[in-house]
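Data first, discussion second: the structure below is written as structure tokens.
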Amino acid sequence: MGPRIVCLDLDCFFVSVERLLDPSLEGKQVVVGAAPGKRGVVTAVSYEARPLGVRSGMAISEAVRLAPDAVYLPPRHGVYSPYAKRVRTVLERFTPDVQTASIDEFFLDFRGTERLWHRPGDVDADATVLRVVWAMREAIQAEVGLPASAGLGTNRKIAKMASNVAKPAGVFMVGAGEEAAFLAPRPVRSFPGIGPATEARLQEAGVRTLGELLSRSDLRGRRVAESVRRASSGAREEGLGRDRPAFFEHDPKGETVGSISNERTFHADVGDRARVEAQLRALAERVCWRARKRGVRARTITVKVRTSDFHTVQRSRSGEATAGEREVFRVVLELLPRAWVHRRPVRLVGVQLSNFEGPGPQLALPLPSGRASIGTALDAVRARFGYDAVRLGAVGRSRWQGEGSTPGEAAGPPSDGAGVSARRDRRSR
DNA sequence: TCTGGGGTCCTAGGACCC
DNA sequence: TCTGGGGTCCTAGGACCC
């Protein structure tokens, strides 16, 4: 069978959505990411800014140096995910087998659909699928207004790499049997699953391209080498694997997720324990709220501390499943001294929930004591007006545009839920 | 020019049980 | 008194992806 696995990737997705909402951004250099002058990185960058060297993942300060005249925007995930959902709806018209890999990336399986889509003019089944994938790309552009690229291959690795070749706004197919020739000249780093660490190790071994990697019998048995070998052989996949629905959190019904975490980098490193605890309290509150929204309770709670030297320590504990912020925060406070082992100031703190169980019946019942969890009482308000409509204690917002408070910083002392502040999020519709 | 925030998967050692 | 493996869970860290 020919290449029937498709990787569909939205081109600089966040920038494209921002342009839909503000057409004046069309044709300009646009960078979505952290605020210029603050800590953070580039999340998405328009094609106009790429010749200047701006890349996603680089420090925002570096981006400003390279592209001082670009338009800088904060990421707005809540705004983007409905668009991703609309894209998925379009994709499902073409094949029922759609896997959401990330907010801007989907895999599709067209095996068995050739007969359905066949037209008299198609020279063969490959031509049929290629034509249909082009039509799918056009449909996304026409109906959602977003540019997309697609790669076709015999497996997901090849399809993913093909979609990178297709960008922007194109389609690229790697025929069955052409995989090895397609891979051979490309740098090892271009293969999905080979990152900077593996690239460095391979370079040390004198391997730069995927062709060189495949020719080296001494690397056989190494996991990455086997992964490349499998892809290169044109190995078929049984199925796309499990869907990854975590990207559509606003629609939580029945979705499984492995972990829920929130973390925050301080604008400036913090040595004061009370401020670290205040931030952890806010994070614990947020992850618990998200867990309750999904109807899950966590058996494992993890605290993460990154100090000024960028050294990161995580400490976790498993026990009775919970999604209550009092219990979670209590465990967080117990774990904190073990995670913050060095005396260095703290750069980042995080709270993670994992090892989930379904909701216990008590979550749905009225609170017996009235003070067991203020969180559940606030959930209804937040369901209507958004998370930031009600806040326990005063904690800065993550939006950097036009905000007075420092992003991610605890702006006040930890309160015990007494100082509840309520306000309408001025951004909510 | 310092390095975000949300995830997943893999590895490896130790505890504990059979 | 000495000595097995296998399975599963927990914990911690690392690599990678978008």
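Chain letters run A, B, ... following the sequence lines, proteins first, then strands; residues in each count from 1.
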Inset, instruction - Under 3.5 Å for both distances, Watson-Crick or G-U wobble, that's the pair rule; now give the dot-bracket for DNA chain C, with | marking pairs to another strand and [ ] for crossing ones. - result: ....||||||||||||||
Legend entry - Any A:Ser318 side-chain N or O less than 4.0 Å from OP1/OP2 of C:dT11: yes
Inset, instruction - With heavy atoms under 4.0 Å as the rule, sort A:Thr302 into base, sugar-phosphate or nothing. - result: nothing
Legend entry - Distance below 4.0 Å between A:Asn262 side-chain N/O and B:dG5 OP1 or OP2: no
Legend entry - N or O in side chain of A:Arg201 less than 4.0 angstrom from C:dA15 OP1/OP2: no
Inset, instruction - Check whether any side-chain nitrogen or oxygen of A:Arg264 sits under 4.0 Å from OP1 or OP2 of B:dG5, and answer yes or no. - result: yes
Legend entry - Side-chain N or O of A:Arg338 closer than 4.0 Å to phosphate OP1/OP2 of C:dA12: yes
Inset, instruction - Look at the side-chain N and O atoms of A:Arg189 and state whether any lies under 4.0 Å from the OP1 or OP2 oxygen of C:dC17. - result: yes
Inset, instruction - Report yes if a side-chain nitrogen or oxygen of A:Arg315 is closer than 4.0 Å to either non-bridging phosphate oxygen (OP1 or OP2) of C:dA12; otherwise report no. - result: yes
Inset, instruction - Remember a base hit wins even if backbone is also touched, and classify A:Phe191 as base, sugar-phosphate or nothing at under 4.0 Å, heavy atoms. - result: sugar-phosphate
Inset, instruction - Take A:Ser61 and A:Val41, find for each the nucleotide of DNA chain B with the closest heavy atom, and name the residue whose nucleotide sits nearer the 5' end. - result: A:Ser61
Legend entry - Salt-bridge contact A:Arg208-A:Glu212 (side-chain N to carboxylate O under 4.0 Å): yes
Inset, instruction - Check whether any side-chain nitrogen or oxygen of A:Thr198 sits under 4.0 Å from OP1 or OP2 of C:dC16, and answer yes or no. - result: yes
Inset, instruction - Could you measure between the two P atoms, the one in C:dC18 and the one in B:dC2, and give it in whole Å? - result: 27 Å
Inset, instruction - Just call it for A:Ile60: base, sugar-phosphate, or nothing, with non-hydrogen atoms closer than 4.0 Å on any strand. - result: nothing
